[in-house]
Each structure stands twice: as structure tokens, then as C-alpha cells.
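Let me begin by presenting the structure, written as C-alpha cells, before commenting on it.
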Amino acid sequence: MSAAAQEPDGGDTIADRVERLSLAVRDHLERRTRNVPRAVYRFREYRVEPDTEPDAEPVTFTMSCAVCEASGPTESDTAAAARWIPAHLKQEPEHLTYREHITRPYRAVPGTWL
């Protein structure tokens, strides 16, 4: 063996140290991949439907002016919400078009696992 290939401490050659280091790195990586937690993903079908449960939010109605975007009060029925229109029309006689906004709660119902 040449003196250039010898390490001064322990008598190992550089090739021996490279081999030991590569084995240590391989062992480390193998241990690390064995201990990595795996994620499991499950997919599920859902059906979307109006929420009719007893604790569901109520269905509400609100009328708004299509000209100036002013809105009336939120009511539990459409006739009560429409009573705002004549009051607004009295203040703004040129505002003749209105929109009804209905808020209806929905829910996602879990189905089968895929």
C-alpha cells in the first residue's frame, strides 16, 4: 500500500472509510423509510339536499331593488318580504324592478365509501 492511500489514524484507507460511510448512509435511509408513517386516503360519496332537520336554519326571503340595490327586511315568508316593495316604490317611484333572494339551508349527507 502506498503512503498516500493510508490515513494517519487507524490505518484505514480512504476506500475503506468511503465504504463504511456509504453503508452507514444506506442503513440510515433504510431505517428512515421503514419508520415513515403512511397516509391512507378514503373517498366517500355525498348527497346534497335541503336541510330539513329540526335544528336547521330557517328558509328566509328578502326583496331587493334591482335599480339601487336597497333591500327590505329578511322575512320567513315571501308575502311578508314583498310588503317592503310598495314602501320603497313610494320613496323611489322610478324603481320598478325587484329581486327576491331566498336563503335555503342545505346539507351534505354522507353516502357509501368508495
Side-chain angles (χ1 to χ4, degrees):
M1 253 185 233
S2 70
Q6 292 280 342
E7 287 288 327
D9 58 327
D12 289 342
T13 64
I14 294 174
D16 292 336
R17 294 188 77 189
V18 167
E19 179 66 23
R20 270 199 326 270
L21 182 60
S22 66
L23 288 173
V25 167
R26 188 192 71 208
D27 289 345
H28 169 74
L29 292 176
E30 285 177 359
R31 271 194 309 271
R32 194 179 85 191
T33 56
R34 273 186 260 131
N35 295 330
V36 172
R38 295 178 180 231
V40 176
Y41 296 95
R42 294 182 67 190
F43 298 95
R44 192 172 200 175
E45 289 182 346
Y46 284 85
R47 184 178 70 252
V48 178
E49 63 184 31
D51 192 352
T52 57
E53 296 291 320
D55 63 340
E57 295 179 22
V59 176
T60 59
F61 303 89
T62 306
M63 299 303 271
S64 70
C65 177
V67 178
C68 70
E69 301 295 324
S71 293
T74 299
E75 301 288 348
S76 60
D77 68 32
T78 189
R83 283 196 278 274
W84 172 79
I85 294 174
H88 184 69
L89 189 57
K90 189 175 187 179
Q91 292 174 351
E92 303 288 344
E94 67 280 358
H95 294 189
L96 302 175
T97 54
Y98 295 87
R99 296 184 187 111
E100 180 181 39
H101 301 276
I102 303 170
T103 303
R104 184 181 319 276
Y106 278 78
R107 65 191 200 111
V109 179
T112 59
W113 290 98
L114 302 176

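As the structure is a computational prediction, the values presented were derived from the model and not from experiment. Position 1 is the first residue of the sequence, and the numbers go up from there.
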Please set out all donor-acceptor pairs under 3.5 angstrom arising from side-chain atoms of residues 50-62, sequence neighbours excluded.
{"from": "Asp51", "atom 1": "OD1", "to": "Glu53", "atom 2": "N", "distance (Å)": "3.1"}
{"from": "Thr62", "atom 1": "OG1", "to": "Thr74", "atom 2": "OG1", "distance (Å)": "3.0"}

Item to complete: Calculate, to the nearest 0.5 Å, the distance between atoms CZ and CE belonging to Arg99 and Met63 respectively.
Response: 11.0 Å
Discussion item. Is it the case that atom CZ in Arg20 sees more than 12 heavy atoms from other parts of the structure closer than 6.0 Å?
Written reply: yes
For residues 84-98, tabulate all N or O donor-acceptor pairs below 3.5 Å that involve a side-chain atom, not counting sequence neighbours.
{"from": "His88", "atom 1": "NE2", "to": "His95", "atom 2": "ND1", "distance (Å)": "3.3"}
{"from": "Tyr98", "atom 1": "OH", "to": "His95", "atom 2": "O", "distance (Å)": "2.8"}

Worksheet item: Which heavy atom of Pro110 sits nearest a heavy atom of Ala108, and at what distance?
Response: CD-O, 3.7 Å
Practice prompt. Could you work out the complete set of other residues in the hydrophobic cluster of Tyr41, with links drawn between I, L, V, M, F, W and Y side chains under 4.5 Å apart?
Written response: Phe43, Leu114
Worksheet, complete the sentence: Heavy-atom closest pair (His101 atom, Ser64 atom, distance to 0.1 Å) is NE2-OG, 2.8 Å
